[in-house]
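The block underneath contains the structure these notes are about, expressed in structure tokens.
Atoms considered below: every heavy atom in the structure, side chains included; atoms not considered: hydrogens, waters and symmetry mates. Every chain is numbered from 1, with letters handed out A, B, ... down the list of sequences.
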Protein chains: 2
Amino acid sequence: MTAKARGATLGDVAKLAGVSIATASKALNGRAQVRDSTREKVFRAASALDFVPNALARGLLFGQSGTVGLLTSDLEGRFSLPIMMGAEDAFGAGSTSVFLCDARGDPIREQHQLKALLSRQVDGLIVVGARPDPREPLSGDASVPVVYAYSPSTDPQDCSVTSDNVESGRLAAEHLVAIGRGRIGIITGDPSYGAAHDRVEGALEALARAGVTPVAEPLFGSWSEGWGRGAARALLDQHPDVDGVICGSDQIARGAVDALREEGRSIPGDVAVVGHDNWEILSTGSRPPLTTIDMNLQELGRRAANLLFDAIGGNPSHGVEKLPCRLVVRGSTLSTV
Amino acid sequence: MTAKARGATLGDVAKLAGVSIATASKALNGRAQVRDSTREKVFRAASALDFVPNALARGLLFGQSGTVGLLTSDLEGRFSLPIMMGAEDAFGAGSTSVFLCDARGDPIREQHQLKALLSRQVDGLIVVGARPDPREPLSGDASVPVVYAYSPSTDPQDCSVTSDNVESGRLAAEHLVAIGRGRIGIITGDPSYGAAHDRVEGALEALARAGVTPVAEPLFGSWSEGWGRGAARALLDQHPDVDGVICGSDQIARGAVDALREEGRSIPGDVAVVGHDNWEILSTGSRPPLTTIDMNLQELGRRAANLLFDAIGGNPSHGVEKLPCRLVVRGSTLSTV
DNA sequence: CTGTTAGCGCGTTCAA
DNA sequence: TTGAACGCGCTAACAG
């Protein structure tokens with residue numbers, strides 16, 4: 001009903017400029033075969049009318065919409081957010097817009113959203129999982145390029161980007177060794193997460209290479225402060241001489257730091273603690289602030305966007321790409337910081 | 001180039017079903033004038049071809065795209081996220097899709113995104129601010145309905161939804177009074193935030209109505225745990241008999257709880273503490289877990305979506321709508337919980 | 001009940 | 001250098 005109110009069309013511009021639609025189109029798109037004076041007339045008319053070209057019509061014409069879908073399984077999670085930012089960032093620079101969809105972790109909903117996205121003619125899809133563990137690929141051939149971010153696809157033919165959880169564990173361990181710690185404990189989260197095991201694996205590997213044996217078996221539990229506190233106390237109980245703790249997340253590290261301090265240990269003097277994820281709100285509020293591993297999730301989002309862009313352009317990638325992470329040193333391991 | 005690969009068109013379906021395009025269209029859209037057997041043929045052809053109607057073409061025809069823009073100033077912030085979820089939620093139920101754009105708080109970028117959104121023929125816009133304080137309306141008449149969420153527009157003719165920060169302060173104070181506290185202190189955050197003052201105002205109002213005079217002037221500082229700790233210690237120093245603290249955020253409350261406990265106060269036995277925002281990661285990890293005010297941001301997003309939907313349908317609203325908030329009782333005020 | 005025609009806004013032939 | 005005509009995929013009006 002109010003369809004016409006939306007905005008000026010190319011026809012309106014052409015009429016105002018006193019030229020044909022075709023000429024107006026050429027002028028605005030920088031085609032060469034237009035006299036300068038004509039081009040200027042057209043531009044003036046366009047700006048007078050606040051003309052905004054209709055991307056729908058353009059898309060219809062080219063079969064490309066200049067949009068991509070961002071299908072997340074879990075908007076709540078703190079992990080999908082930076083990834084979205086990175087993707088939005090990478091695309092925003094160009095002229096692609098991002099459709100946001102949250103499937104709430106429900107496969108049926110996901111299927112529904114997928115259809116909606118496809119009907120909007122998205123040129124490609126980024127699928128962001130809720131956990132770092134691999135996930136089933138999108139069911140029903142998507143007919144547009146897909147990049148899986150955070151949760152890689154279980155199909156190795158698909159294109160996936162994820163962060164390197166083995167390396168992150170390694171970084172944490174190497175840092176503790178580098179500052180002279182040799183009696184190291186490991187506390188991590190929910191054992192059903194592959195990332196928990198990967199991080200432990202990386203840590204153990206690095207410790208072994210440095211000739212350090214952990215004071216105890218890694219402690220698995222949950223991703224919570226409460227578990228971090230309890231596990232830290234248990235660790236202290238059985239190994240009072242522990243001088244370094246690697247934690248599977250900043251929540252755990254936060255709990256561990258609190259418990260250790262309450263047990264009279266100075267941090268990092270007596271015990272140094274490293275977390276994971278660089279969750280600012282937890283790591284900077286802690287006493288002392290937490291040294292942690294930043295998983296570079298925003299970069300992950302950017303990378304996913306670029307891979308998708310390439311795939312849309314005809315250069316698809318395959319397999320899982322693991323992005324490096326980064327040690328962030330704060331007070332919980334270095335008192336001078 | 002690969003334009004044709006995208007998917008089957010209505011023409012393909014019609015050909016396979018052996019009918020005309022128009023008939024196929026009518027059949028699929030549930031128009032009455034189609035024989036049942038024909039309709040069935042068409043449906044079979046459609047599903048055999050995995051036909052997905054092209055929303056771009058439909059949009060072109062109707063001048064409505066079935067999309068809305070979500071223009072946030074600050075994807076990083078924890079506040080825009082639940083609002084986005086709520087909006088996505090409310091729209092997702094119907095058949096509207098959401099374009100996500102982050103302006104990074106930059107007006108130029110915002111203008112750019114706005115143009116992109118308009119060119120994609122969005123039917124409406126939700127603008128999510130980074131702070132609860134009012135913001136300038138979108139410059140350059142938007143030609144589509146706009147709803148401001150979180151940050152209301154400074155123009156009262158615009159449609160805005162925000163949470164009621166006066167009420168939240170009131171709720172916090174009433175709760176403390178209800179559990180018998182009478183020597184109450186107030187610690188809040190950055191005084192440049194209007195919300196900080198609103199919450200204090202609500203609290204003072206409720207206290208006055210209950211005949212309670214705060215033990216001291218409200219303490220303004222920053223939205224950090226560190227400030228919460230420091231302010232709590234200062235409060236305790238000057239008013240050792242304080243038995244209740246209202247905090248302007250969960251970060252502050254978390255700091256206050258930690259400091260109070262370290263000063264030997266039992267919580268909630270000696271001092272009860274109420275936070276604001278219900279930031280789960282902070283409030284549930286705390287010892288004891290924090291009683292806090294949930295600002296119902298997700299509901300705010302839903303409401304914004306519904307208001308926008310109505311406006312698109314021709315029933316615009318004006319003015320600022322304040323949404324109620326909700327007390328969440330946990331261990332920091334009630335030991336039996 | 002079904003098919004033909006027109007046109008949404010745009011870019012691109014091709015002819016003038 | 002400009003303009004008329006066509007078609008992208010779809011639906012609504014009308015004709016059969």
Closest approach of B:Pro145 to B:Ala311 (non-hydrogen atoms, all atoms of both residues) |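 In terms of heavy atoms, the two residues are closest at CB-CB, 3.7 Å.
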Quickly work out the [X] [atom1] to [N] [atom2] distance and round it to whole Å.
X: B:Asn29; N: C:dT2; atom1: CG; atom2: P; answer: 15 Å
X: B:Arg120; N: C:dC10; atom1: CZ; atom2: P; answer: 14 Å
X: B:Leu56; N: D:dG9; atom1: CG; atom2: P; answer: 11 Å
X: A:Leu61; N: D:dC8; atom1: CG; atom2: P; answer: 9 Å
X: A:Leu60; N: C:dG7; atom1: CG; atom2: P; answer: 17 Å
X: A:Glu40; N: D:dT1; atom1: CD; atom2: P; answer: 15 Å
X: B:Leu118; N: C:dG9; atom1: CG; atom2: C1'; answer: 16 Å

Which of the following nucleotides, [options], is nearest to the side chain of [X]?
X: A:Thr9; options: D:dA4, C:dC10, C:dC8; answer: C:dC10
X: B:Phe62; options: C:dT4, D:dA12, D:dC10; answer: D:dA12
X: B:Val19; options: C:dC8, C:dT2, C:dG3; answer: C:dG3
X: B:Lys26; options: C:dT2, D:dT2, C:dG9; answer: C:dT2
X: A:Arg35; options: D:dG7, D:dT2, D:dC10; answer: D:dT2

First of A:Gln33 and A:Leu10 reached from the 5' end of DNA chain C, by closest nucleotide |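 Of the two residues, A:Leu10 wins.
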Using a heavy-atom cut-off of under 4.0 Å over every strand shown, decide if B:Ile21 touches base, sugar-phosphate, or nothing.
->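 Here B:Ile21 touches the bases of the nucleic acid.
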Within 45° of the ring axis of B:Tyr148 and under 6.0 Å from its six-membered ring centre, is that where the NZ or CZ of B:Arg135 lies?
->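 Geometry flag: not set, cation outside 6.0 Å or 45°.
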Mutual orientation of the aromatic rings belonging to A:Tyr150 and A:Phe79 [parallel < 30°, tilted 30-60°, perpendicular > 60°] |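 Rings of A:Tyr150 and A:Phe79: parallel, as their planes differ by under 30°.
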More than 12 heavy atoms from other groups under 6.0 Å of CZ on B:Phe99 =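 Yes, CZ of B:Phe99 has more than 12 neighbouring heavy atoms, counting only those of other groups under 6.0 Å.
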Is there a side-chain contact between [X] and the phosphate of [N], meaning an N or O under 4.0 Å from OP1 or OP2?
X: B:Arg58; N: D:dG9; value: no
X: B:Asn54; N: D:dC8; value: no
X: A:Thr23; N: D:dT2; value: no
X: B:Arg31; N: C:dC1; value: no

Could you tell me the separation between the CD1 atom of B:Ile126 and the CG atom of B:Leu70, rounded to the nearest 0.5 Å?
->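 The CD1 atom of B:Ile126 sits 5.5 Å away from the CG atom of B:Leu70.
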